[in-house]
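One structure is given here, and the rest of the page talks about it.
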Amino acid sequence: MTPNKCPNCPESDLSRLDAVFEKFKGDSHALISILQQAQSIYGYLPTDVLYAIAEHTGNSPAKVMGVATFYTQFRLTPVGRHLILLCKGTACHVNGADSIERALNELGLADGETTPDGMFSLKTVACLGCCSLSPVMMIDENTYGSLTPDKAKSIIEGIKSAEASK
Amino acid sequence: MRLAIGEGSCGIAAGARRVHERLESLNLDGSVEIGITGCIGACFLEPIVDVYDGDKLVRRLVKIDEKSAERVYAAAKSGDLESVADLAITPEDESFLTRQTRIALRHCGLIDPESLAAYRAADGYRAIAKVLAEMTPEQVIEEIKTSGLAGRGGAGFPTWFKWNAARNAKGERKFLICNADEGDPGAFMDRAVIESDPHSLIEGMLIAAYAIGAAEAYVYVRAEYPLAIVRLEKALEDARAANLLGANILGSSFSCDIKIKAGAGAFVCGEETALIESLEGHRGMPRLKPPFPAEKGFTNQPSNINNVETFANVAWIILNGGAAFAAMGTENSKGTKVFALTGKIRRGGLVEIPMGLTLRQVIFDIGGGIRDGRKFKAVQMGGPSGGCIPESLLDTRIDYRELGATGAIMGSGGMVVMDDSTCMVNMARFFLDFTAKESCGKCVHCRIGTKRLHETLTRITEGKGREGDIELLEELCTGIKAGALCGLGQTAPNPVLTTLRYFRDEYEAHIGARKCPAGECAALKTYSIDPVKCKGCTLCARKCPAKAIEGAPRQPHAIDQSRCIKCGLCRANCKFGAVQTA
């Protein structure tokens with residue numbers, strides 16, 4: 001059966017998956033690990049990649065899609081150049097995570113969305129485990145703690161101006 | 001002199017790596033030995049640098065930044081520790097650590113987590129050596145039975161019983177699984193153990209694998225814990241190279257290897273059958289029990305699952321005896337328990353204490369009470385499966401049964417402290433938002449019931465509560481508890497039930513008087529301008545996006561309540577403190 005490819009989606013270079021398939025050859029429980037590695041290659045899980053994984057692992061596309069949409073780690077759309085993870089765990093909630101989210105909203109960032117210029121994606125997460133520094137957000141590899149709405153805004157503005165001066 | 005920088009995730013987030021880099025940049029001649037250690041658990045003091053003279057800790061320096069790192073380096077080089085006396089931990093803060101009894105965390109923050117030699121120097125791998133040389137699997141299980149160790153993931157099921165069931169189960173292969181999918185928001189005990197003392201997890205797992213007869217083991221760890229995964233990977237490699245893992249461990253006939261599986265983010269995977277589904281590469285949806293994992297677990301083979309903290313106690317029990325562990329605690333809860341103390345607390349971090357201490361002792365004696373001079377309101381234990389315990393019950397002991405009687409649970413160790421500015425209805429809404437999103441969808445009661453609970457709670461916090469909403473919440477809670485298959489659904493109503501039990505007046509105030517007593521719910525706030533304090537500067541009127549503020553220049557302004565959208569911009573901008581909320 002020819003995969004029912006999405007007509008408007010860009011075509012991915014599927015050869016980049018070969019090494020992943022090789023690594024998990026014969027492991028019938030590796031679907032999640034394969035999806036994780038595929039996401040780290042492409043930055044997200046494009047539709048044609050999901051079909052290729054289904055074909056190679058002997059799973060139905062529906063099963064692969066089911067797994068990819070079950071776990072919060074997987075993304076079906078590309079992310080911006082900077083991924084902001086805003087913690088909304090219990091300690092952050094108690095210490096004002098909602099006000100941080102409102103501040104980010106004021107800058108045009110919305111949960112689960114990427115800014116039109118492709119610079120930022122915002123994702124709220126359940127807990128980053130840095131509860132004593134709450135409220136916390138993580139941008140790319142860096143964690144920013146003890147946030148206030150103004151501090152959060154100035155961190156974002158700082159990244160923007162650093163990009164602009166590049 | 002040797003410097004050890006605390007580099008757990010929290011320490012790094014607080015700036016420990018920058019401090020480390022600064023110290024290295026000063027140490028061009030290599031005259032000071034600079035290394036890392038894990039997390040000591042005093043998160044409120046990070047970044048922490050310990051100064052050692054040989055093996056002796058001579059000074060613990062706290063809240064170090066790149067600037068003070070220069071003085072730290074100079075002191076370590078010259079040996080003049082008095083020059084950094086102002087950076088040393090205060091006796092009061094030190095009591096946060098000295099009042100604890102550490103077993104699971106015994107090495108955390110004291111040894112280099114990336115060094116097998118450091119773990120061995122701290123009696124590491126002596127317990128597995130003893131087990132392999134002197135003990136039968138039955139004797140190991142007996143020792144664990146004597147200790148009274150119970151599952152630290154939350155349910156508190158006797159560990160020996162699970163091991164024994166897995167040992168007696170028939171199957172071609174047996175599996176040992178470590179649940180490191182620490183999903184409770186507000187809990188980070190397991191992460192700290194893996195990041196700070198990964199070999200103690202490995203050793204505990206090896207002893208368990210020997211006891212149940214498993215040759216294959218997995219650690220299912222949250223993908224959100226990248227540092228824990230990196231440190232555990234290194235520890236596994238080092239252990240393998242030293243014949244502590246793999247075939248014929250330490251020359252015995254016992255063989256076992258441990259693999260890491262990274263989870264992909266699903267709270268329900270903390271439930272053991274959902275975890276097994278996920279390990280097999282499926283959606284993490286719980287299975288019907290029985291059969292229990294001990295009979296049919298991973299790939300339908302006998303499997304035993306324990307959480308990280310449970311394993312971290314095992315080597316200590318073998319070396320010190322089950323009786324020494326059981327000597328601590330209460331009649332039905334033995335040993336120690338680790339808690340992640342967070343929220344509105346003065347001294348937050350990891351706290352390991354013997355069972356039987358009261359909540360008051362943990363929160364006020366060790367944690368130093370509420371910060372910013374506010375008043376204690378409640379402590380949330382057990383995360384989304386747990387509940388809020390009010391001030392009147394602060395003398396409850398840390399004990400599985402006594403905590404259960406309050407409506408909360410021991411849980412995995414999240415302990416989030418709240419002050420009088422936290423709205424309990426909004427707290428319940430917060431947890432139901434979480435469980436509604438994390439429900440796997442298998443059972444109707446959980447999938448739809450948590451959604452309806454969340455909608456009803458949201459309505460109440462938005463000032464649209466209706467007569468009969470409290471009864472509706474209670475009915476939904478009862479239904480979900482009865483109709484859900486797994487622990488997630490069965491316990492999801494707990495945050496609602498406990499807040500209804502202890503803070504019913506807050507619900508009634510939201511619904512009846514349209515007031516949020518804690519002043520947290522924005523929709524229920526009323527903003528007004530104090531005519532005495534108002535100077536008529538017109539700033540608020542200009543800032544108001546709803547044009548709800550009127551008044552002539554230099555005359556007191558007033559807010560038209562019918563147009564006010566309660567955004568709070570007037571209050572944030574007023575230079576005279578004239579805008580009040582009620």
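Chain A is the first sequence line, chain B the second, and so forth, proteins listed ahead of strands; every chain is numbered from 1. If you're wondering where the values come from, they're calculated on a predicted model, not measured in any experiment.
- When side chains are defined from C-beta on, B:F339 does not count as touching B:I363, because their heavy atoms never get closer than 4.5 Å.
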So between chain A and chain B, what donor-acceptor pairs come in under 3.5 Å?
residue: A:H29; atom: O; partner: B:K261; partner atom: NZ; Å: 3.2
residue: A:H29; atom: ND1; partner: B:E280; partner atom: O; Å: 3.4
residue: A:Q36; atom: NE2; partner: B:A262; partner atom: O; Å: 3.2
residue: A:Q36; atom: NE2; partner: B:G263; partner atom: O; Å: 3.0
residue: A:K63; atom: NZ; partner: B:H282; partner atom: ND1; Å: 2.3
residue: A:G66; atom: O; partner: B:R283; partner atom: NH1; Å: 2.9
residue: A:Y71; atom: OH; partner: B:S278; partner atom: OG; Å: 3.0
residue: A:Y71; atom: OH; partner: B:H282; partner atom: O; Å: 2.7
residue: A:Y71; atom: OH; partner: B:G284; partner atom: N; Å: 3.1
residue: A:T72; atom: N; partner: B:G265; partner atom: O; Å: 2.9
residue: A:T72; atom: OG1; partner: B:G265; partner atom: O; Å: 3.1
residue: A:Q73; atom: N; partner: B:A264; partner atom: O; Å: 2.9
residue: A:T90; atom: OG1; partner: B:P185; partner atom: O; Å: 2.8
residue: A:N95; atom: OD1; partner: B:R371; partner atom: NH2; Å: 2.7
residue: A:C127; atom: O; partner: B:R222; partner atom: NH2; Å: 3.3
residue: A:G129; atom: O; partner: B:R191; partner atom: NH1; Å: 2.4
residue: A:G129; atom: O; partner: B:R191; partner atom: NH2; Å: 3.3

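- Rounding to the nearest 0.5 Å gives a distance of 10.5 Å between CD1 of A:I41 and OG of A:S12.
- Of the atoms belonging to B:C440, heavy atoms from both backbone and side chain fall under 4.5 Å from chain A.
- Between A:I159 and A:F120, the closest side-chain pair of non-hydrogen atoms falls below 4.5 Å.
- By the 4.5 Å heavy-atom criterion applied to side chains, A:F74 and A:I32 are counted as neighbours.
- Of the listed residues (B:P185, B:A264, B:G265, B:G343), the one with the most heavy-atom contacts under 4.5 Å to chain A is B:A264.
- Screening A:I84, A:I139, A:T115 for a side chain to side chain contact (heavy atoms under 4.5 Å, CB included) involving A:L122 leaves a single residue, A:I84.
- Heavy atoms closer than 4.5 Å to chain A are found in the side chain of B:V268, but not in its backbone.
- Here A:G66 is the residue among A:G66, A:G145, A:A68, A:A91 with the most heavy-atom pairs under 4.5 Å with chain B.
- Residue with the most contacts toward chain B among A:V94, A:L31, A:V136: A:V94 (heavy-atom pairs, distance under 4.5 Å).
- Contact check for A:M138 versus A:V125: no side-chain heavy atoms found under the 4.5 Å cut-off.
- For a residue to count as touching a neighbouring chain, one of its non-hydrogen atoms must lie under 4.5 Å from one of that chain's; by this rule B:F267 does not touch chain A.
- Dense packing is recorded around CE of A:M119, with more than 12 heavy atoms of other residues, nucleotides or ligands lying under 6.0 Å away.
- A heavy-atom distance below 4.5 Å is found between the side chains of B:V351 and B:F96.
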B:C39 and B:F188: CA distance, side-chain angles, deciding distance, side chain to side chain contact (heavy atoms under 4.5 Å, CB included) verdict: CA-CA 11 Å; B:C39 166; B:F188 50 93; 5.9 Å; no
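- For A:R81, the side-chain hydrogen bond (donor to acceptor under 3.5 Å, both in side chains) criterion is met by A:E163, not counting sequence neighbours.
- Heavy atoms closer than 4.5 Å to chain A are found in the side chain of B:A223, but not in its backbone.
- Of the two parts of B:I345, neither the backbone nor the side chain holds a non-hydrogen atom closer than 4.5 Å to a non-hydrogen atom of chain A.
- Between chain A and the residues B:A262, B:C269, B:G284, the largest count of heavy-atom pairs under 4.5 Å involves B:G284.
- Neither the backbone nor the side chain of A:L35 comes within contact range of chain B, judged by heavy atoms closer than 4.5 Å.
- You'll find the side chain of B:V425 stays beyond 4.5 Å of the side chain of B:C521, heavy atoms only.
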